[in-house]
Amino acid sequence: QTDEELLIQFERNQPAKASEDQERERKLSELRERQKKAIALRDSGRRLMISNPDVAKAFFERALGLYEQTSQTWVDLGICLKNDDVATIKGQTYTKMECFLKGLEENPRNTIPWLHFGLELRHQNDQLLNFEGSNFNSTDCFAKAVELDENNYAALFNLSYDLKDNFAITISGTKYT
């Protein structure tokens, strides 16, 4: 191709390139707006978790309908659910345990889902959680939360409750009895 032909081709492609960039920017802007709205809904739900968990649940469902990639909102939603209750996000239903699992999948280093899994598993006669090919009982969940954050006092308290008098566990080189 001649230089003139290349220049003509380049000029023809420029509007398409600019159009693609504008579309990408528009989508990013929409995503940022959805994130902001989701955070505002989550924060409103958190203020209502104790006094009115059903209304809080609705706020969390709306927040996750806008933006699902938030570990803590999944956990907060799970906390609001009664044992036989479900949440609906974009037409799909989730149980309390499935909400905790979504929170854990979004951020495996978040200690709060580990803590709540431990509490729920204890209430379910210590059934097992299968996560990433490993099985965890309530004690394992509390230990995982402590491993991730040794200052998670709720997990430490529950771990000590599970360990009772004659049991010890070592987490990240620290022995707990």
Trainee: So, K144 and D149, do they make that salt bridge, N to O below 4.0 Å?
Mentor: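 Looking at D149 together with K144, the answer is no, because their closest N to O distance does not fall below 4.0 Å.
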Trainee: Mind checking the CG-OG1 spacing from D84 to T95? Nearest 0.5 Å is all I need.
Mentor: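 The CG atom of D84 sits 11.0 Å away from the OG1 atom of T95.
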Trainee: Enter the distance from E120:CD to K96:NZ here, rounded to the nearest 0.5 Å.
Mentor: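 Here the rounded value is 4.5 Å.
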Trainee: Can you find a pair of side-chain heavy atoms, one from T139 and one from L159, that are under 4.5 Å apart?
Mentor: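 With C-beta onward as the side chain, the pair touches.
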Trainee: To the nearest 0.5 Å, tell me how far T111 OG1 sits from E150 CD.
Mentor: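 The CD atom of E150 is 12.0 Å from OG1 of T111, to the nearest 0.5 Å.
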Trainee: Which residue pairs satisfy the salt bridge (charged side-chain N to carboxylate O under 4.0 Å, His left out) criterion with at least one member in residues 109-119, sequence neighbours excluded?
Mentor: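 Not a single pair qualifies under salt bridge (charged side-chain N to carboxylate O under 4.0 Å, His left out).
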Trainee: Are the side chain of D140 and the backbone of N137 linked by a donor-acceptor contact shorter than 3.5 Å?
Mentor: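 Judged by distance alone, yes, a pair lies under 3.5 Å.
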Trainee: Mind listing the closest non-hydrogen atom pair of L121 and M97 along with its distance?
Mentor: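 Reported closest heavy-atom pair: CD2-CE, 3.8 Å.
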Trainee: Tell me every residue that passes salt bridge (Lys or Arg N to Asp or Glu O under 4.0 Å) with E33, counting only those two or more places apart in sequence or in another chain.
Mentor: K36
Trainee: Measure across S138 and G118 and return the closest heavy-atom pair with its distance rounded to 0.1 Å.
Mentor: CB-O, 3.2 Å
Trainee: Any ring pair (Phe, Tyr, Trp, His ring centres under 6.0 Å) pairs touching residues 78-121, not counting sequence neighbours?
Mentor: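 Pairs touching residues 78-121 that pass the test: W74-Y94, F100-H116, F100-F117, W114-F131, W114-F136.
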Trainee: Report yes if the side chains of K57 and E61 come closer than 4.5 Å at any heavy-atom pair, otherwise no.
Mentor: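 The answer is yes; the side chains approach within 4.5 Å.
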Trainee: Provide the closest heavy-atom pair for N110 versus S71 in the form atom of the first, atom of the second, distance.
Mentor: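 For N110 versus S71, the nearest heavy atoms are ND2-OG, 3.0 Å.
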Trainee: Measure the spacing between CZ of F60 and OG1 of T73 and express it to the nearest 0.5 Å.
Mentor: 7.0 Å
Trainee: Do L115 and N158 come within less than 4.5 Å of each other through their side chains, counting heavy atoms only?
Mentor: yes
Trainee: Quick check: closest heavy atoms across L129 and C141, and the distance to 0.1 Å?
Mentor: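 Shortest heavy-atom separation between L129 and C141 comes out as CD2-SG, 4.2 Å.
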Trainee: Would you compute the distance between atom CG of L77 and atom OG1 of T70 and round it to the nearest 0.5 angstrom?
Mentor: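 With rounding to 0.5 Å, CG (L77) is 11.0 Å from OG1 (T70).
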Trainee: Going from OH on Y161 to CG on L119, what distance comes out if it is rounded to the nearest 0.5 angstrom?
Mentor: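 CG of L119 is found 11.0 Å from OH of Y161.
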Trainee: Could D162 and R122 be called an ion pair, given the rule that one side-chain N must be under 4.0 Å from one carboxylate O?
Mentor: yes
